[in-house]
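Since the structure comes first, as structure tokens, the remarks are kept for the end.
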Amino acid sequence: MNPTLDAHVQKDPRILAVYIEALRRYNEAARAHHNFTHVMRDLHRALLIAEEENPVNYSILIPSVLLHDIGFCTPGFKKEGHDLAGARLAGEMLPPLAYEEKEVSAISHCIRAHKGHAELPQSLEAKILYDADVLEKAGLVFLLFGGKIIGEFEEGLEVFLEREIHHRSKEIARGLFTRKGKELDGGRLEKVLSLFSQIQIEVTQERPDYRVSEQNLWIKGAPSF
Ligand SMILES: [Fe+2]
Ligand SMILES: [Fe+2]
């Protein structure tokens, strides 16, 4: 059966307040990939993973998943990183929604650790969020999502491939933390890494025509009109 939010909201109504505020902010930012739909996929996976973990604090896990990419809704996330920017924003959003200091710090840790750059996941909730989010990239579907990310970040194919290959390699070396996470991955993360590497070889060595821009069609650079 699909895990749902109803019982969790009934038990802790603050979850609904975070949900509403997160939905408003993600919709306002209107990003192509890092949006509320991505968050819902992560939340589904997190609840699925959590079903066989014990004891999970859902008052920490659910807000953490809801806010894990909220950093993308801040103006300065590129400089700071969306993980740190998101943890900072969550620190501002949660106290008015009746979250205590200890809870805010537990949720902030989950958000900071979801990329594994700023810090590694220590708590069970942080490990579940990490796995749920990495699993978004552990499927051939992510090759299609890649196009949306290139558009969202307004970046070149090479920049995208270099970053994603680097991140997939690190995630594979680190490994997933939960049994369910490992099962859902089923070797797909490695498959995605191998395909991205093949695309990188194609673009850099075999088919440089894919990298051609307007500038390449003019001796002294493209004229401006
Ligand atoms: Fe993220
Ligand atoms: Fe994410």
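As the structure lists them, so they are numbered: ligands from 1, and atoms in each ligand from 1.
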Would the His38 and His68 ring centres measure less than 6.0 Å apart? yes
Going by the angle between their ring planes, with limits at 30° and 60°, are His82 and Phe72 parallel, tilted or perpendicular? parallel
Run through the protein N/O/S atoms less than 2.8 Å from the Fe ion (ligand 1) and write them out by chain and number. Asp69 OD1, His82 NE2, His114 NE2
Where does the angle between the aromatic ring planes of His167 and His117 fall among parallel (under 30°), tilted (30 to 60°) and perpendicular (over 60°)? tilted
Report yes or no: is the cationic atom of Arg14 (NZ for Lys, CZ for Arg) closer than 6.0 Å to the six-membered ring centre of Tyr99, at no more than 45° off its axis? yes
In terms of relative ring orientation, are Phe160 and Phe196 parallel, tilted or perpendicular, with 30° and 60° separating the classes? perpendicular
Is a side-chain donor or acceptor of Asn35 paired with a backbone partner of Arg31 at a separation under 3.5 angstrom? yes
